[in-house]
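Can you read through this structure? Questions will come right after.
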Amino acid sequence: MQKHNKHWDKTHRALQEIVFDLLKKYSVEKITVQLVCDTANINRSTFYAHYLDVYDLIDTTQKNKREALFSEFVRQSHVSKITFFDQSSLIIFLNFIKENGWFYKIVLNCETVFRFKKALIVFLIYY
């Protein structure tokens, strides 16, 4: 994995936060590189130093959100000695979905853009 400086990392995360905000206001099809750049107050070359296109940004963003969910479950399962099929794990999962419901509504309605369903199935099989 390539290492980057703090400024690069900050911009990378900021672009993901911006796309979250844009997804709340616009459909996926309406989000363009120019819209992201204008919102982030960066030029296009900066955007392309981080992502291939808007779909790469959105895909990376949803992947990170999915990993956060799974990491939270793993952390809680080690602390509470629960498995994925315990009632406690279901509560953790549903609370995470509740906190990020707007995002999952988008993800589950845009299967052609997101790979969330497939990743969730893989996660369920693994655990």
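Start at 1 with the first residue, then count along the sequence.
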| message | Using every non-hydrogen atom in the two residues, find where N5 and H7 come nearest and quote the distance to one decimal. | response |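 Closest heavy-atom pair between N5 and H7: OD1-N, 3.1 Å.
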| said: For a 4.5 angstrom cut-off between non-hydrogen side-chain atoms, does I42 reach L15? | reply: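 A side-chain contact under 4.5 Å exists here.
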| Euclidean distance, N64 CG relative to Q62 CD, rounded to 0.5 Å |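 If we round to the nearest 0.5 Å, Q62:CD and N64:CG are 8.5 Å apart.
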| Atom pair CD1/CG of I18 and L23 - distance to nearest 0.5 Å |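 The CG atom of L23 is 12.0 Å from CD1 of I18, to the nearest 0.5 Å.
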| Shortest non-hydrogen separation from C37 to F47 and the atoms involved |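 So the two residues come closest at SG-CB, 3.6 Å.
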| field | Greater than 12 external heavy atoms within 6.0 Å of N41's CG | value |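 At most 12 heavy atoms, drawn from other residues, nucleotides or ligands, come within 6.0 Å of this atom.
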| query | Rounded to the nearest 0.5 Å, how far apart are NZ of K10 and NZ of K6? | reply |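 These two atoms lie 11.5 Å from each other.
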| request: Check whether L52 and V54 end up in the same hydrophobic cluster, where Ile, Leu, Val, Met, Phe, Trp and Tyr are linked by side-chain heavy atoms less than 4.5 Å apart. | output: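 Per the 4.5 Å side-chain linkage, L52 and V54 are not co-clustered.
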| said: Could you check whether any side-chain heavy atom of Y51 comes within less than 4.5 Å of a side-chain heavy atom of V33, counting everything from C-beta outward? | reply: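 With C-beta onward as the side chain, the pair stays apart.
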| task | Say whether V36 and Y48 are linked into one hydrophobic cluster, either directly or through other cluster members, by side-chain heavy-atom distances under 4.5 angstrom. | result |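 Yes.
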| Is the closest side-chain donor-acceptor distance between Q34 and T32 under 3.5 Å? |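 No, T32 and Q34 have no side-chain donor paired with an acceptor closer than 3.5 Å.
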| request: With rounding to the nearest 0.5 Å, note down the distance linking NZ in K25 to CD1 in I31. | output: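 Output value for this atom pair is 10.5 Å.
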| message | For K24, I'd like to know if atom NZ has over 12 heavy atoms of other residues, nucleotides or ligands within 6.0 Å. | response |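 Correct, the count exceeds 12.
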| said: Nearest 0.5 angstrom please: T11 OG1 to W8 CH2, how far? | reply: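 One finds 9.0 Å between OG1 of T11 and CH2 of W8.
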| query | Salt bridge between E67 and K63, side-chain N to carboxylate O under 4.0 Å? | reply |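 A salt bridge links E67 with K63.
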| task | Apply side-chain contact (heavy atoms from CB on, under 4.5 Å) to the pair T61 and L57, showing each step before the final yes or no. | result | CA-CA 6 Å; T61 303; L57 168 59; 3.7 Å; yes
| message | Give me the atom names and distance for the closest heavy-atom approach of T60 to Q16. | response |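 Nearest heavy atoms, T60 then Q16: CG2-NE2, 3.7 Å.
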